[in-house]
Amino acid sequence: DFVKGTPDVITDDFIIDVKTSWSASTFPFFDDKLTNKNYEWQLKAYMWLTNIHQAYLSYCLVPTPEMLILDEMRRVSWKRGEAGEVSKEVEDEVRAYFDLSNIPIWERVKSFDVNLTSDDIVKIKEKVLLARKYYNSLK
């Protein structure tokens, strides 16, 4: 009645949800705790749904899809006044930005623990009820 969703991985003891970063600038290399509260509460909802009270949010740094690299090249070329004609300089610069080859594979995965308490469930219910009340006031 309050939440729905499906985690990426469900075991008997824990769940895992995976977030994908396509560049080093969006990967939490230096974070020692989960800073994205939306992701934290997403996992708490999954734990409540599955009745599993331990979860991990795992960030994975993966190569950027070629289509997005090409889009970025065009964007940068327009910004630099190249009228969409991608120069070799822009191509090299954008490819270097998205190049992950200098980052070891084992450093491209980072996981954060998320736990669920009975207080968390109470908070979720309260927030959902408040959101429903606000939504109904807009009708």
Side-chain angles (χ1 to χ4, degrees):
D1 293 333
F2 291 91
V3 296
K4 63 181 177 178
T6 306
D8 294 323
V9 177
I10 304 172
T11 73
D12 291 339
D13 301 317
F14 58 87
I15 62 172
I16 302 171
D17 205 54
V18 177
K19 303 300 180 189
T20 304
S21 295
W22 287 337
S23 73
S25 66
T26 61
F27 187 78
F29 281 109
F30 306 106
D31 294 349
D32 56 359
K33 64 179 181 169
L34 180 58
T35 59
N36 187 317
K37 294 299 177 188
N38 291 332
Y39 291 162
E40 178 182 349
W41 285 99
Q42 177 185 12
L43 265 72
K44 288 176 185 277
Y46 290 161
M47 287 186 279
W48 184 22
L49 287 167
T50 60
N51 199 32
I52 298 171
H53 292 207
Q54 179 64 48
Y56 302 95
L57 180 73
S58 294
Y59 284 88
C60 298
L61 179 60
V62 299
T64 306
E66 183 67 13
M67 177 184 72
L68 296 179
I69 292 173
L70 296 173
D71 286 347
E72 181 65 9
M73 286 179 195
R74 286 187 289 273
R75 188 189 71 73
V76 170
S77 77
W78 276 103
K79 187 176 178 183
R80 294 195 181 163
E82 296 176 357
E85 295 294 323
V86 177
S87 66
K88 178 75 169 124
E89 178 185 343
V90 167
E91 179 177 358
D92 291 347
E93 190 176 309
V94 170
R95 288 197 182 280
Y97 176 81
F98 288 108
D99 180 19
L100 304 178
S101 62
N102 61 334
I103 303 170
I105 296 276
W106 60 88
E107 290 183 13
R108 297 185 202 175
V109 176
K110 186 157 189 181
S111 295
F112 298 94
D113 293 346
V114 179
N115 296 298
L116 179 69
T117 68
S118 55
D119 287 344
D120 294 331
I121 295 170
V122 169
K123 289 176 186 176
I124 292 171
K125 288 179 179 180
E126 288 172 352
K127 294 295 184 182
V128 169
L129 292 173
L130 284 171
R132 287 177 184 162
K133 183 177 178 181
Y134 175 70
Y135 174 77
N136 288 330
S137 75
L138 299 174
K139 289 182 181 181

Atom CG of Asn102 with >12 non-hydrogen neighbours under 6.0 angstrom:
yes
Looking only at non-hydrogen atoms, find the nearest pair between Phe14 and Ile16 and report the distance.
CE1-CD1, 3.7 Å
Tell me, do Arg132 and Phe2 make a side-chain contact under 4.5 Å, heavy atoms counted?
yes
Check the hydrophobic clustering (I, L, V, M, F, W, Y; side-chain heavy atoms under 4.5 Å; chains of links allowed) and say if Phe27 and Leu34 are grouped together.
yes
Does a salt bridge link Glu72 with Arg75, judged by any charged N lying under 4.0 Å from a carboxylate O?
yes
Joint hydrophobic cluster, Trp106 plus Ile103, side-chain heavy atoms closer than 4.5 Å
no
Considering all heavy atoms of both residues, which atom of Lys19 and which atom of Asp17 are nearest to each other, and what is their separation?
NZ-OD2, 3.2 Å
Heavy-atom nearest pair, Lys110 first then Phe29, reads NZ-O, 2.9 Å
Would you check if the side chain of Arg80 reaches a backbone N or O of Val90 as a donor-acceptor pair within less than 3.5 Å?
no
Here the pair of heavy atoms bringing Trp22 nearest to Thr26 is N-OG1, 3.9 Å
Identify whether Leu68 and Val94 are in the same connected component of the hydrophobic contact network (ILVMFWY, side-chain heavy atoms under 4.5 Å).
no
By side chain to side chain contact (heavy atoms under 4.5 Å, CB included), Glu91 pairs with (sequence neighbours left out) Met73, Val86, Arg95
Which heavy-atom pair separates Asn38 from Asn36 by the least distance, and what is that distance?
N-OD1, 3.0 Å
Could you state the interatomic distance from CD1 (Ile15) to CG (Leu116), rounded to the nearest 0.5 Å?
9.0 Å
Leu130 vs Tyr134 side-chain heavy atoms within contact, under 4.5 Å:
no
Say whether Leu43 and Val128 are linked into one hydrophobic cluster, either directly or through other cluster members, by side-chain heavy-atom distances under 4.5 angstrom.
yes
Same cluster or not: are Tyr39 and Val18 linked, directly or through other Ile, Leu, Val, Met, Phe, Trp or Tyr residues, by side-chain heavy atoms under 4.5 angstrom apart?
no
Measuring from atom CG of Leu70 to atom OG1 of Thr64, what distance do you get when rounded to the nearest 0.5 angstrom?
11.0 Å
Could you tell me whether a side-chain N or O of Glu82 sits under 3.5 Å from a main-chain N or O of Ser87, the two making a donor and an acceptor?
yes
Spacing of Asp1 atom CG and Leu129 atom CG [to the nearest 0.5 Å]:
10.0 Å
Under 3.5 Å, side-chain donor or acceptor atoms of residues 44-63 against the rest of the protein: list the pairs with distances, not counting sequence neighbours.
unit_1	atom_1	unit_2	atom_2	d
Lys44	NZ	Asn115	O	2.8
Lys44	NZ	Asp120	OD2	2.7
Tyr46	OH	Gln42	NE2	2.8
Thr50	OG1	Tyr46	O	2.9
Thr50	OG1	Met47	O	3.3
Thr50	OG1	Ile52	N	3.4
Ser58	OG	Ser111	OG	2.5

Neighbour count >12 (heavy atoms, 6.0 Å) for atom CD, Glu66
yes
Chi angles and distances behind the salt bridge (charged side-chain N to carboxylate O under 4.0 Å, His left out) call for Glu126, Lys123:
CA-CA 5 Å; Glu126 288 172 352; Lys123 289 176 186 176; over 6 Å; no
OG1-CZ distance between Thr35 and Phe112, expressed to the nearest 0.5 angstrom
7.0 Å
As an exercise, state the distance from CG of Leu138 to NZ of Lys133, rounded to the nearest 0.5 Å.
13.0 Å
Tell me, with the steps shown, if Thr11 and Asp13 meet side chain to side chain donor-acceptor pair (under 3.5 Å).
CA-CA 5 Å; Thr11 73; Asp13 301 317; 5.3 Å; no
Would you give the length of the straight line joining atom OG1 of Thr117 to atom CG of Asp119, rounded to the nearest 0.5 angstrom?
4.5 Å
